[in-house]
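Below: one structure, written as structure tokens.
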There are 2 protein chains.
Amino acid sequence: MDTAERLIESTRALLWERGYTGTSPKAIQQRAGAGQGSMYHHFTGKPDLALAAIRRTAREMRAKAEELFSAPGTAVERVTAYLHRERDVLKGCPIGRLTQDPEIMADAELRAPVGETLDWLRERLAKLLAEGRGRGELSAALDPARTAATIVATLQGGYVLARAAGSVEPFDQAIAGVLGLLAAHAGPR
Amino acid sequence: MDTAERLIESTRALLWERGYTGTSPKAIQQRAGAGQGSMYHHFTGKPDLALAAIRRTAREMRAKAEELFSAPGTAVERVTAYLHRERDVLKGCPIGRLTQDPEIMADAELRAPVGETLDWLRERLAKLLAEGRGRGELSAALDPARTAATIVATLQGGYVLARAAGSVEPFDQAIAGVLGLLAAHAGPR
DNA sequence: GTCTATACATGGATAGAC
DNA sequence: GTCTATCCATGTATAGAC
């Protein structure tokens with residue numbers, strides 16, 4: 001892995017652990033094993049490096065989700081697989097956490113990939129639910145867009161509850177709860 | 001309002017807008033119209049002031065929620081009233097956002113009120129749902145603790161989605177979605 | 001490409017005068 | 001109680017040598 005690469009990976013890790021405001025160029029360099037001059041040779045500054053890191057994380061998140069959404073099975077099975085996939089729950093969502101960072105929100109360029117990723121996630125899930133409903137797997141009364149927003153919110157909020165509690169338990173409960181509610185919507189009508 | 005009071009209120013506002021890591025003593029002082037010496041006379045430092053601010057915000061949040069939870073009406077009506085109460089959605093939850101702050105999470109004293117508040121909220125909601133189920137307002141198949149976690153997570157995650165999108169729409173959708181799912185659980189059995 | 005030196009602002013706090 | 005002066009570390013970046 002060359003230096004530029006190590007700098008991006010270092011930034012990704014720190015943005016996840018400490019956010020943008022809480023991450024200094026020096027910390028990035030030390031974690032990457034790169035010097036001051038090296039970082040400013042490859043990137044114009046902290047925002048430039050953060051942009052590269054955020055874009056990569058967003059792309060990865062989307063790819064991993066799409067893999068599960070396009071797998072075989074019913075809509076509910078695929079949503080369940082997505083919600084149950086392995087996650088570093090106590091670290092939270094590397095994209096969602098950025099919405100709490102004042103400097104990310106103040107910079108349109110840094111903010112864009114965050115908004116686009118979560119928008120895409122809701123839309124993709126809504127499409128999946130609509131298909132399931134069309135095949136009679138889900139009640140006709142179920143609203144795909146609203147339910148998709150609820151599912152993504154349950155995930156993002158589950159991370160918040162887990163971090164607050166210092167335990168994965170509330171996350172697991174929230175996921176089990178939303179799947180329980182969804183189960184009552186099985187079958188058409 | 002005396003100086004100590006203004007400092008606490010200033011800190012509350014800044015913690016909400018920028019988090020702990022993103023808030024400097026100087027910013028607190030300027031917003032409070034207080035000098036350097038004044039702040040360090042009333043508080044031992046930034047963590048001391050933040051603790052006072054967080055405790056007050058936590059107490060307020062709890063009181064406002066309890067008011068709606070103990071109002072007249074069915075369990076679903078009270079949950080609905082709570083979810084629909086007026087909120088500054090794009091600012092997010094002043095307590096939940098602190099879970100993303102590395103310095104808050106690293107300090108047990110600052111972290112405690114955050115964890116306690118969200119724990120209380122889940123437990124209180126679970127109790128409300130259990131009562132509703134006991135009175136036959138909700139299906140016997142509904143799990144109160146899990147569903148409570150889902151409801152709180154939907155709120156916390158709804159804020160994340162709204163901030164990411166720069167719009168309240170996904171928040172409103174997530175709330176409508178979870179209430180729609182809950183509606184299917186009306187009646188006993 | 002990488003290193004060291006340098007720069008200047010801000011963060012966070014203490015000291016002592018009033 | 002509040003003000004000003006002072007302090008040292010860190011944040012963020014530039015300059016120029018190698």
Side-chain angles (χ1 to χ4, degrees), chain A residues 1-56 97-98 100-111, chain B residues 1-56 97-98 100-111:
Chain A
M1 202 162 50
D2 67 9
T3 303
E5 198 59 23
R6 289 202 319 278
L7 283 164
I8 294 178
E9 289 303 316
S10 163
T11 304
R12 295 216 301 156
L14 286 165
L15 286 181
W16 195 1
E17 288 169 20
R18 309 191 38 86
Y20 182 86
T21 301
T23 295
S24 70
K26 180 184 288 195
I28 293 173
Q29 293 150 205
Q30 286 177 340
R31 185 164 193 142
Q36 192 107 312
S38 197
M39 170 179 149
Y40 286 100
H41 171 74
H42 293 286
F43 299 91
T44 68
K46 180 174 151 179
D48 186 32
L49 190 38
L51 186 57
I54 294 171
R55 284 189 175 146
R56 181 176 296 183
R97 82 113 62 216
L98 300 177
Q100 303 303 319
D101 201 300
E103 297 185 71
I104 297 280
M105 296 306 280
D107 182 325
E109 215 169 1
L110 293 177
R111 185 182 168 159
Chain B
M1 204 160 51
D2 67 9
T3 302
E5 198 59 25
R6 288 203 319 278
L7 283 164
I8 294 178
E9 289 303 315
S10 164
T11 304
R12 294 215 302 155
L14 285 165
L15 286 181
W16 196 0
E17 288 168 20
R18 305 190 44 85
Y20 182 86
T21 300
T23 295
S24 70
K26 180 185 287 196
I28 293 173
Q29 293 151 205
Q30 286 177 341
R31 186 165 191 141
Q36 192 105 311
S38 197
M39 171 180 145
Y40 286 100
H41 170 75
H42 292 287
F43 300 92
T44 68
K46 181 175 150 179
D48 185 33
L49 191 39
L51 186 57
I54 294 171
R55 285 191 172 145
R56 181 177 296 184
R97 84 112 62 213
L98 300 177
Q100 303 304 318
D101 201 299
E103 299 185 70
I104 296 280
M105 296 306 279
D107 181 326
E109 213 169 6
L110 293 177
R111 186 183 166 158

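Atom set for the values below is all heavy atoms of this structure, side chains included, hydrogens, waters and symmetry mates excluded.
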### Residue pairs passing the side-chain hydrogen bond (donor to acceptor under 3.5 Å, both in side chains) test where at least one lies in residues 30-40 of chain A, sequence neighbours excluded
A:E17-A:R31, A:Q29-A:Q36

### Message
Can you pull out every salt bridge (Lys or Arg N to Asp or Glu O under 4.0 Å) where at least one residue sits in residues 36-55 of chain A? Sequence neighbours excluded, please.
### Response
none

### Task
Could you state the atom-to-atom distance from CD of A:E103 to P of D:dG11 in whole Å?
12 Å

### Message
With a strict under 4.0 Å distance from non-hydrogen atoms of chain B, what nucleotide opens and what nucleotide closes the contacted stretch of DNA chain C, reading 5' to 3'?
### Response
C:dG11 to C:dT14

### Summary
Those residues at least two apart in sequence (or on a different chain) that pass salt bridge (Lys or Arg N to Asp or Glu O under 4.0 Å) with A:R12 are A:E9, A:E60

### Query
What distance separates A:L98 CG from A:Y20 OH, expressed to the nearest 0.5 Å?
11.0 Å

### Query
Does OP1 or OP2 of D:dT12 have a side-chain N or O of A:K46 closer than 4.0 Å?
yes

### Summary
In numerical order, the residues of residues 9-24 of chain B whose heavy atoms come under 4.0 Å of DNA chain C are B:T23, B:S24

### Query
At under 4.0 Å between heavy atoms, what does B:G37 touch on the DNA or RNA strands: base, sugar-phosphate, or nothing?
base

### Message
I'd like to know if the side chain of A:T23 and the backbone of A:G19 have a donor-acceptor N/O pair within less than 3.5 Å.
### Response
yes

### Message
Which residues pass the side-chain contact (heavy atoms from CB on, under 4.5 Å) test with A:T11, not counting sequence neighbours?
### Response
A:L15, A:I28, A:L49, A:A53

### Query
Would you find a donor on one side and an acceptor on the other, under 3.5 Å apart, between the side chain of A:R18 and the backbone of B:P102?
no

### Query
Rounded to the nearest Å, what distance is computed from the CG atom of residue A:D107 to the P atom of nucleotide D:dT12?
14 Å

### Summary
For residues 101-111 of chain B, the salt bridge (Lys or Arg N to Asp or Glu O under 4.0 Å) pairs (sequence neighbours left out) are none

### Message
Please report the distance, rounded to the nearest Å, between CD in A:Q30 and C1' in D:dT10.
### Response
12 Å

